[in-house]
Amino acid sequence: MKFAVISRGDEHSNDIKSKLQIHLENKKLEMDNDNPNIVITVGGDGTLLYAFHRYKSILDHTAFVGIHTGHLGFYADWSVDEMVFLALEVAKEQAQIVEYPLLSVELTFHDEQAPISYLALNESTVKSVAPTLVVDVEINNAPFECFRGDGLCFSTPSGSTAYNKSLGGALIHPSIPVMQMAEMASINNRVYRTIGSSLVFPEHHIVKLYPNNQDQFRLSIDHLNSIHTNVKTITFKVSERTVRFARYRSFPFWNRVRDSFIGMGR
Ligand code: NAD
């Protein structure tokens with residue numbers, strides 16, 4: 001089995017990375033930064049997001065596991081104290097693989113620009129560079145609403161605990177293949193109306209945004225941001241692809257929610 005270790009880049013994470021590599025090589029595992037079967041991140045959730053995007057072309061034969069060198073993360077849920085145990089478990093090559101849903105995003109343009117496709121592990125947000133985002137929202141080819149406000153956030157179940165949570169969206173167990181649309185400060189008065197609640201869509205449902213004007217759009221895909229002009233449509237759906245996580249011990253999602261947001265369990 002081939003492995004890669006990705007560090008956040010700070011001194012402590014780099015030190016843990018070096019120690020982990022030695023442990024794994026002592027167990028006769030081969031390091032391969034280009035085509036690993038297992039990617040171990042050392043840092044935080046952001047480090048795992050970075051690694052996901054680095055290896056997104058080989059998701060079908062790569063699994064991820066995260067060590068946190070700061071606070072407990074949702075993806076980075078192994079502590080530094082557990083590193084030796086984790087190395088032993090990785091070397092046994094008997095991981096349980098759990099698959100989490102991903103979000104597919106596609107942009108089309110009014111001019112000849114080719115469509116652009118993205119894959120998100122946490123979420124994708126759309127904001128206007130102008131003060132207010134104005135977009136027509138279509139669900140499964142039927143007009144739904146005209147959204148005016150700061151922006152819209154489309155999240156995966158595993159991303160529901162990230163930006164989506166700050167927006168008041170629901171927390172969704174990652175075993176359910178859905179995407180969630182949450183509003184950012186929508187304008188609601190006698191003239192403008194949006195649904196107000198977060199919406200949860202099953203697989204194969206498609207949400208399409210039609211910009212109402214020639215504004216520039218700020219699109220985020222996890223930690224990555226880009227600005228686009230001449231946008232015709234932005235389409236969101238549950239991706240046909242999934243991300244694989246290697247599990248070596250039980251740490252249920254709801255326990256991670258409790259430990260991260262409520263405090264450690266009794
Ligand atoms: P960052 O360093 O600003 O991290 C933001 C925080 O989000 C960190 O505490 C991280 O642990 C946490 N986080 C990331 N993924 C999570 C998940 N799936 N569940 C629970 N917490 C999670 O930025 P970064 O490390 O580059 O991470 C980018 C992420 O930051 C984005 O995907 C987005 O979810 C999040 N974000 C949140 C807000 C907000 O809550 N208002 C705003 C912008 C971005």
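Counting starts at 1 for both ligands and their atoms, in listed order.
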With a heavy-atom distance limit of 4.0 Å, tell me whether [X] approaches ligand 1 through its side chain, its backbone, both, or neither.
X	answer
E123	side chain
L49	side chain
S158	backbone
A162	both
Y163	both

Any protein heavy-atom neighbour for [atom] (distance below 4.0 angstrom)?
atom	answer
atom 19 (N) of ligand 1	yes
atom 4 (O) of ligand 1	no
atom 23 (O) of ligand 1	no
atom 41 (N) of ligand 1	yes
atom 1 (P) of ligand 1	no

Heavy atom of the protein closest to [atom] (residue, atom name, distance):
atom	value
atom 11 (O) of ligand 1	D45 OD2, 3.1 Å
atom 9 (O) of ligand 1	H71 NE2, 3.6 Å
atom 26 (O) of ligand 1	H223 CB, 3.3 Å
atom 25 (O) of ligand 1	G46 CA, 3.2 Å

| query | Do Q180 and S160 get their side chains close enough for a donor-acceptor pair, meaning under 3.5 Å? | reply |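 Note: Q180 and S160 side chains miss the donor-acceptor criterion.
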| query | Does T161, backbone or side chain, put an N or O under 3.5 Å from an N or O of ligand 1? | reply |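 Yes, since at least one N or O of T161 sits under 3.5 Å from an N or O of ligand 1.
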So if you build clusters from Ile, Leu, Val, Met, Phe, Trp, Tyr with side-chain heavy-atom gaps below 4.5 Å, do [X] and [Y] land together?
X	Y	answer
L199	V135	yes
M31	L29	yes
V80	L24	yes

More than 12 non-hydrogen atoms from neighbouring residues, nucleotides or ligands closer than 6.0 Å to [atom1] on [X], yes or no?
X	atom1	result
H204	NE2	no
K17	NZ	yes
Y192	OH	no

| said: Strictly below 4.0 Å, N to O, side chains only: are R249 and E82 in salt-bridge contact? | reply: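 Answer for the salt bridge query: yes.
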| message | Please evaluate residues T125 and S220 with respect to the criterion side chain to side chain donor-acceptor pair (under 3.5 Å), reporting the C-alpha separation (whole Å), side-chain torsions for both, the decisive distance (0.1 Å), and the verdict. | response | CA-CA 5 Å; T125 64; S220 79; 2.5 Å; yes
| said: Below 4.0 Å from ligand 1: does a non-hydrogen atom of Y75 turn up there or not? | reply: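 Contact check Y75 vs ligand 1: positive.
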| field | Heavy-atom nearest neighbour of atom 15 (N) of ligand 1 within options N122, I221, L167, T125 | value |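 Nearest heavy atom to atom 15 (N) of ligand 1 lies in N122.
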| task | Just grab all the ring pair (Phe, Tyr, Trp, His ring centres under 6.0 Å) pairs involving residues 215-247, residues at least two apart or on different chains. | result |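 Sorted pair list: H53-H223, Y75-F245, Y100-F245, F154-F236.
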| message | Is the positively charged end of K27 above the ring of F3, judged by distance under 6.0 angstrom from the centroid and angle within 45° of the axis? | response |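 No, cation not above the ring by the 6.0 Å, 45° rule.
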| field | ligand 1 atoms in contact with S166 (distance to a heavy atom under 4.0 Å) | value |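 That gives atoms 39 (C), 40 (O), 41 (N) of ligand 1.
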